[in-house]
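All of these numbers come straight from a predicted model, not from anything done at the bench. Naming: A, B, ... by sequence-line order, numbering from 1 per chain.
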Amino acid sequence: MNIYVSNLSFAIEDEDLKSYFAEYGEVTSAKVITDKYTGRSKGFGFVEMSDDEAAQKAIAELDGATADGRTIKVSVAKPREEKRSKPAYSNNRW
DNA sequence: GTTGAGCGTT
(Lines give C-alpha, C1' and ligand atoms only; values in the text may rest on other atoms or scores of the structure.)
Protein backbone atom coordinates (compact mmCIF):
# COMPACT_ATOMS: atom_id res chain seq x y z
CA MET A 1 0.00 0.00 0.00
CA ASN A 2 1.46 3.31 -1.07
CA ILE A 3 0.55 6.30 1.02
CA TYR A 4 0.84 9.94 0.10
CA VAL A 5 1.43 12.40 2.89
CA SER A 6 1.39 16.15 2.45
CA ASN A 7 1.38 19.39 4.40
CA LEU A 8 4.46 18.20 6.21
CA SER A 9 6.74 20.45 8.12
CA PHE A 10 9.98 21.22 6.32
CA ALA A 11 11.85 19.85 9.29
CA ILE A 12 10.39 16.38 8.88
CA GLU A 13 12.56 13.77 7.22
CA ASP A 14 12.35 10.16 6.15
CA GLU A 15 12.92 8.55 9.51
CA ASP A 16 10.44 10.86 11.18
CA LEU A 17 7.79 9.93 8.67
CA LYS A 18 8.62 6.30 9.09
CA SER A 19 8.36 6.45 12.86
CA TYR A 20 4.87 7.91 12.61
CA PHE A 21 3.53 5.15 10.42
CA ALA A 22 5.49 2.36 12.07
CA GLU A 23 3.18 2.64 15.06
CA TYR A 24 0.34 1.27 12.96
CA GLY A 25 2.14 -1.46 11.05
CA GLU A 26 5.23 -2.50 9.20
CA VAL A 27 6.69 0.28 7.10
CA THR A 28 8.63 -1.04 4.14
CA SER A 29 9.74 2.38 2.97
CA ALA A 30 9.22 5.98 3.95
CA LYS A 31 10.44 8.93 1.97
CA VAL A 32 10.12 12.67 2.27
CA ILE A 33 10.47 14.32 -1.10
CA THR A 34 13.32 16.75 -1.08
CA ASP A 35 14.50 18.96 -3.84
CA LYS A 36 17.26 17.26 -5.78
CA TYR A 37 19.34 20.39 -6.12
CA THR A 38 18.72 22.35 -2.95
CA GLY A 39 18.17 19.33 -0.74
CA ARG A 40 15.29 21.02 1.04
CA SER A 41 12.07 19.26 1.83
CA LYS A 42 9.15 19.82 -0.50
CA GLY A 43 6.76 19.29 2.38
CA PHE A 44 5.31 15.98 1.27
CA GLY A 45 6.33 12.39 1.12
CA PHE A 46 5.44 8.78 0.54
CA VAL A 47 5.14 5.81 2.82
CA GLU A 48 4.84 2.20 1.78
CA MET A 49 3.39 -0.39 4.12
CA SER A 50 3.22 -4.12 3.67
CA ASP A 51 -0.09 -4.54 5.48
CA ASP A 52 -2.97 -2.93 3.62
CA GLU A 53 -5.37 -2.67 6.50
CA ALA A 54 -2.65 -1.33 8.75
CA ALA A 55 -1.94 1.21 6.05
CA GLN A 56 -5.58 2.25 5.77
CA LYS A 57 -5.77 2.46 9.52
CA ALA A 58 -2.67 4.62 9.56
CA ILE A 59 -4.26 6.84 6.92
CA ALA A 60 -7.42 7.18 8.96
CA GLU A 61 -5.50 7.90 12.12
CA LEU A 62 -2.78 10.15 10.76
CA ASP A 63 -4.85 12.18 8.34
CA GLY A 64 -5.47 15.46 10.08
CA ALA A 65 -3.03 14.59 12.84
CA THR A 66 -0.42 17.01 14.02
CA ALA A 67 3.24 16.46 13.25
CA ASP A 68 5.85 19.04 14.19
CA GLY A 69 3.11 21.58 14.71
CA ARG A 70 1.56 21.03 11.28
CA THR A 71 -1.69 19.30 10.49
CA ILE A 72 -0.67 16.65 8.01
CA LYS A 73 -2.80 15.24 5.22
CA VAL A 74 -2.61 11.54 4.50
CA SER A 75 -4.20 9.61 1.65
CA VAL A 76 -3.60 6.72 -0.70
CA ALA A 77 -0.91 7.54 -3.21
CA LYS A 78 -1.40 7.38 -6.91
CA PRO A 79 0.69 4.65 -8.49
CA ARG A 80 4.01 5.78 -9.81
CA GLU A 81 4.19 5.21 -13.53
CA GLU A 82 5.43 1.77 -14.28
CA LYS A 83 7.43 1.48 -17.45
CA ARG A 84 8.63 -2.03 -16.74
CA SER A 85 5.25 -3.70 -17.11
CA LYS A 86 4.54 -5.88 -20.07
CA PRO A 87 2.60 -4.31 -22.91
CA ALA A 88 -1.15 -4.72 -22.78
CA TYR A 89 -1.29 -5.48 -26.48
CA SER A 90 0.66 -8.70 -26.22
CA ASN A 91 -0.74 -10.00 -29.46
CA ASN A 92 1.56 -10.90 -32.29
CA ARG A 93 -0.58 -9.37 -34.98
CA TRP A 94 1.96 -6.82 -36.12
C1' DG B 1 18.52 32.52 6.57
C1' DT B 2 13.66 31.92 2.90
C1' DT B 3 8.34 28.99 1.57
C1' DG B 4 3.19 26.15 1.60
C1' DA B 5 -0.03 23.46 -3.32
C1' DG B 6 1.20 19.35 -4.51
C1' DC B 7 1.89 12.83 -6.13
C1' DG B 8 8.50 10.81 -5.81
C1' DT B 9 14.49 9.42 -8.44
C1' DT B 10 15.08 4.59 -10.12
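Taking every heavy atom of residues 49-63 of chain A and every atom of DNA chain B, no pair lies under 4.0 Å. Near DNA chain B, meaning a heavy atom under 4.0 Å from it, residues 5-23 of chain A has A:Asn7, A:Leu8, A:Ser9, A:Phe10 in order of number.
In this structure, A:Asn2 atom CG and B:dG6 atom P are separated by 20 Å, rounded to whole Å. When rounded to the nearest whole Å, the span between CD1 of A:Ile72 and C1' of B:dA5 equals 16 Å. Here B:dG8 presents its P atom at 13 Å from CG of A:Asp35, a figure rounded to the nearest Å. Regarding A:Lys78, its NZ atom lies at a distance of 17 Å from the P atom of B:dA5, rounded to whole Å. For the pair A:Phe44 CZ and B:dG6 P, the interatomic distance rounds to 11 Å; values are reported in whole Å. A:Arg70 has its CZ atom 11 Å from the P atom of B:dG4, to the nearest Å. When rounded to the nearest whole Å, the span between CG of A:Asp68 and C1' of B:dT3 equals 15 Å. Rounded to an integer number of Å, the gap from NZ of A:Lys42 to P of B:dT3 is 18 Å.
Under the 3.5 Å distance criterion, the side-chain polar atoms of A:Asp63 are left unmatched by any main-chain donor or acceptor of A:Ala60.
Residue A:Ser9 is tested with A:Asp16, A:Thr66, A:Asp68 for a side chain to side chain donor-acceptor pair (under 3.5 Å); the sole match is A:Asp68.
Taking 4.5 Å as the limit, every side-chain heavy atom of A:Thr34 sits out of range of all side-chain heavy atoms of A:Arg40.
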